[in-house]
There are 2 protein chains.
Amino acid sequence: MRKNPIVQRETLGAAVLQVRSGRATSRTTLAKALGISPSTTGLYVDHLIAEKYLNESGLNQGPMGRPRRSLSTQAEAGWFAGVEFNAQRIQAVGVDFSGGLKMTEELLLPADVMADQVINSILACVAKLSVAMQGPLLSVGIGVPGLVDAQAGLGLYYAFIQDWKQVPLVERIGSRLKVPVILQNNMRAIALAERWFGIGHGLNDYVILGPRSGFGIAMVQDGRVVEGAHHAAGEVGRWPWPLMAAASGGQELHHALSAPATWRRLAGVGERAMLPEDLRTGLAALAESAGPEWDAVCEDYARVIGLLHLIINTGVFVLHGPLTMLGERFCHSITDSACALMPALRDAGLKVVPSTLGDNAGALGAASLAMEAWSPA
Amino acid sequence: MRKNPIVQRETLGAAVLQVRSGRATSRTTLAKALGISPSTTGLYVDHLIAEKYLNESGLNQGPMGRPRRSLSTQAEAGWFAGVEFNAQRIQAVGVDFSGGLKMTEELLLPADVMADQVINSILACVAKLSVAMQGPLLSVGIGVPGLVDAQAGLGLYYAFIQDWKQVPLVERIGSRLKVPVILQNNMRAIALAERWFGIGHGLNDYVILGPRSGFGIAMVQDGRVVEGAHHAAGEVGRWPWPLMAAASGGQELHHALSAPATWRRLAGVGERAMLPEDLRTGLAALAESAGPEWDAVCEDYARVIGLLHLIINTGVFVLHGPLTMLGERFCHSITDSACALMPALRDAGLKVVPSTLGDNAGALGAASLAMEAWSPA
DNA sequence: TAGGATTTTTTCGCATTCGAATAAAAAGCC
DNA sequence: GGCTTTTTATTCGAATGCGAAAAAATCCTA
């Protein structure tokens with residue numbers, strides 16, 4: 001038996017991440033993934049198995065040679081909480097140590113909710129999850145709307161909760177739960193969700209498009225989520241619309257390309273028309289029966305996406321939010337329209353796809369935050 | 001005397017970079033900058049001094065305590081070549097080991113130049129530099145126009161040199177010069193120039209604006225130059241113009257916001273009007289005597305910069321190229337105009353400044369590439 | 001069925017890196 | 001001037017991580 005003590009907690013955490021993601025399935029592949037030597041990797045794996053974080057799940061014969069001893073995470077080792085909220089509701093998920101989604105929780109917030117109440121509701125949601133989840137709570141990720149200073153653990157500003165300014169979320173939640181708490185802007189959390197639960201598995205460059213009540217995006221470049229120097233990257237929603245509008249005349253893109261506005265245009269009703277009970281099903285109904293506005297709507301999205309792609313040149317645009325109900329056809333129309341508008345896009349590898357994650361992508365992303373930040377004590 | 005052998009060449013290179021940049025001036029500060037222990041740092045410094053890369057230049061008394069033994073780079077330890085080119089000319093600089101610019105070289109290219117000739121001319125430029133520079137040539141950086149695959153060492157495509165497709169520059173130059181050759185797109189090279197020779201010293205997030213014959217930008221986010229998934233980040237020049245133009249109608253931003261086009265608009269002459277002999281002086285003359293188009297021109301730039309800032313949210317926009325001759329006033333007008341057009345920019349820390357680097361920023365940037373890549377044998 | 005061939009894992013000695021303590025070099029203070 | 005305080009640099013033992021080689025586990029071939 002080897003007996004070196006282990007100290008590099010961060011490396012242990014990274015090792016678990018590699019195994020959980022399925023990128024590393026044996027000691028040797030793990031060594032390559034982590035960039036450390038096989039001998040050291042052996043020590044780390046021994047330690048993680050001894051601590052019941054990993055286990056060996058049989059052999060896996062390659063085309064030749066000694067079969068690899070498959071590694072996998074121990075689902076019961078503990079769980080991660082992911083919470084996302086906005087002014088209307090809180091969504092929370094419980095994810096086991098293997099990254100499996102085990103429980104979801106939703107809680108509606110009253111109108112004019114204040115920061116204190118949001119924090120208490122988050123705590124209540126997590127408490128509700130914890131009775132059903134196995135093992136200890138390991139860490140909590142929170143997808144926060146508006147401006148977020150992830151490093152400082154602050155919610156900086158969010159327009160739709162009155163006193164949401166400089167809220168020390170990490171401190172207030174962490175002091176109660178006694179586990180690490182990690183924040184991120186909710187759009188950027190969705191980007192992580194895509195990495196762990198969706199299409200982003202092997203992708204290093206992609207953009208999340210999130211048209212809901214506004215229009216936000218999140219960018220992943222070279223595997224890293226882009227924050228911006230002032231935590232405000234991706235504020236496309238604050239572009240003027242139309243793009244060349246005069247100073248005072250136009251409105252903002254937030255307003256023009258939001259999900260409700262898009263539904264109204266596709267449905268061919270006026271600006272004041274009532275929205276359907278459930279926007280998602282309302283949109284789904286429109287997916288096939290394209291109104292006369294379909295092309296114009298797609299062209300507007302194409303314009304925005306095209307401009308974005310020419311700047312940041314990522315691989316894939318992943319559509320989130322209610323508009324995913326418009327399906328592949330919507331995404332194809334956008335791609336085609338973009339290439340027609342901007343010839344440079346033709347051989348630039350532009351691709352728009354609807355997310356396969358549902359409504360709780362934000363909460364899943366928050367759980368991803370928690371998973372990425374965790375490392376053994 | 002300590003006597004451990006040293007192996008981590010990359011760390012040695014990083015140490016030299018820290019000292020050269022002035023960020024680390026003593027063993028202790030260097031240890032912090034590199035994130036390694038003071039004892040190990042001592043060993044590394046000993047080694048670098050023994051190899052004549054660094055030297056101790058006296059003491060530097062702080063407010064209290066033992067004075068630090070100042071470290072500095074040995075200018076004569078060797079030199080770096082930086083080369084930038086386009087279809088018209090090659091510019092090259094020789095930079096000593098301390099990062100001091102020692103020589104510049106320029107070479108005009110004939111019309112319809114081909115790739116082979118460009119490569120030979122680059123070699124000729126470097127040869128010319130090498131007779132005057134002290135010590136051995138350590139590495140060569142090249143700022144390449146068009147699409148570049150820096151990792152593969154290929155010039156992928158450049159529209160203005162006929163056969164410029166998949167040019168294996170690193171191989172062809174490296175095999176002759178027998179030193180490491182590093183490529184980067186010329187705009188992104190300028191971004192590095194700004195870091196080493198200009199305003200970018202302590203900056204981690206900024207954008208280079210390069211309106212010349214076209215309009216390219218380069219972005220630095222969190223200290224890293226953004227390449228894009230397909231090496232095509234920053235292709236703002238290929239935005240349609242006007243931005244909401246119909247598919248076939250409009251032209252590209254490249255054309256509308258280039259330096260020549262801007263001169264013509266400011267000078268109030270037609271699209272076909274002859275350009276001045278030297279565009280830089282021509283623009284300088286216009287800096288004060290603002291024509292009636294001044295505001296409209298600034299507004300167009302403001303529009304582009306504003307959109308960019310809302311997406312990537314970097315700190316500073318650094319204006320390069322001939323338009324720097326329009327001076328601070330131009331930059332201020334742009335900033336003001338942008339804030340007027342997009343209210344969201346008002347408290348977003350938008351700043352536009354003219355670069356203090358001159359015409360050879362690209363070559364300096366290429367030299368920076370060379371410096372960043374070098375580490376002792 | 002024995003002997004390569006191939007790939008994964010482990011063993012083991014060694015050397016680099018670290019941490020803590022020590023030494024060194026100055027300033028401030030009585 | 002001797003004392004403490006403060007900061008920088010070095011010494012030295014300990015140990016972590018590495019490399020090379022050995023061991024292990026399977027397939028292929030004759």
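All of these numbers come straight from a predicted model, not from anything done at the bench. Residue numbering restarts at 1 for every chain, and letters A, B, ... go by the order of the sequence lines.
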Please name all residues satisfying side-chain contact (heavy atoms from CB on, under 4.5 Å) with B:Q8, sequence neighbours left out, ordered by chain then number.
B:T11, B:Y44
side-chain contact (heavy atoms from CB on, under 4.5 Å) partners for B:A189, two or more places apart:
none
Interatomic distance, [X] [atom1] vs [N] [atom2] [rounded to whole Å]:
| X | N | atom1 | atom2 | value |
| --- | --- | --- | --- | --- |
| B:E10 | C:dT17 | CD | P | 13 Å |
| A:I36 | C:dT17 | CD1 | P | 16 Å |
| A:D46 | D:dT16 | CG | C1' | 15 Å |
| A:K32 | C:dT9 | NZ | P | 10 Å |
| B:R9 | C:dT17 | CZ | C1' | 19 Å |
| B:N60 | C:dA27 | CG | P | 12 Å |

Rounding to the nearest 10°, end axes of the helix from C:dT1-D:dA30 to C:dC30-D:dG1 built from five pairs each make an angle of 10°
When you compare the side chains of B:N60 and B:T25, does any donor N or O come within less than 3.5 Å of an acceptor on the partner?
no
Say whether A:S39 and A:S37, considering side chains only, have a donor N or O and an acceptor N or O under 3.5 Å apart.
yes
Look at the side-chain N and O atoms of [X] and state whether any lies under 4.0 Å from the OP1 or OP2 oxygen of [N].
| X | N | value |
| --- | --- | --- |
| A:Q8 | D:dG17 | yes |
| A:R69 | C:dT8 | no |
| A:Y44 | D:dT16 | no |
| A:R68 | C:dT9 | no |

Within a 6.0 Å radius of atom CD on B:E171, are there more than 12 heavy atoms belonging to other residues, nucleotides or ligands?
no
Residue pair A:G35/B:E56 against DNA chain D: nearer the 5' end by closest nucleotide is B:E56
Find which nucleotide of DNA chain D each of A:S37 and B:S70 is nearest to by heavy atoms, and output the residue with the more 5' nucleotide.
B:S70
Is there a side-chain contact between A:F197 and A:T356 in this structure, where contact means two heavy atoms from C-beta onward sitting under 4.5 Å apart?
no
Among the candidates [options], find the nucleotide nearest to the side-chain atoms of [X].
| X | options | value |
| --- | --- | --- |
| A:S39 | D:dT10, C:dT10, C:dT11 | C:dT11 |
| B:T40 | C:dT17, D:dT10, D:dA20 | C:dT17 |
| A:S26 | D:dG19, C:dG19, C:dT9 | C:dT9 |

Main-chain N/O of B:H230 paired with A:N313 side-chain donor or acceptor, under 3.5 Å:
yes
Pairs involving residues 190-206 of chain B, ordered by first then second residue, that meet salt bridge (Lys or Arg N to Asp or Glu O under 4.0 Å) (sequence neighbours left out)
B:R195-B:E372
Take nucleotides 25-30 of chain D nucleotide by nucleotide from the 5' end and write B, S or -, depending on whether a protein heavy atom sits under 4.0 Å from the base, only from the sugar-phosphate, or from neither.
BB-S--
Ring pair (Phe, Tyr, Trp, His ring centres under 6.0 Å) partners of residues 17-42 of chain B, not counting sequence neighbours, each pair once
none
B:T28 near the nucleic acid: base, sugar-phosphate alone, or nothing, with a heavy-atom cut-off under 4.0 Å?
sugar-phosphate
Please lay out, stage by stage, how B:L137 and B:W79 fare under the test side-chain contact (heavy atoms from CB on, under 4.5 Å).
CA-CA 5 Å; B:L137 173 61; B:W79 65 286; 3.8 Å; yes
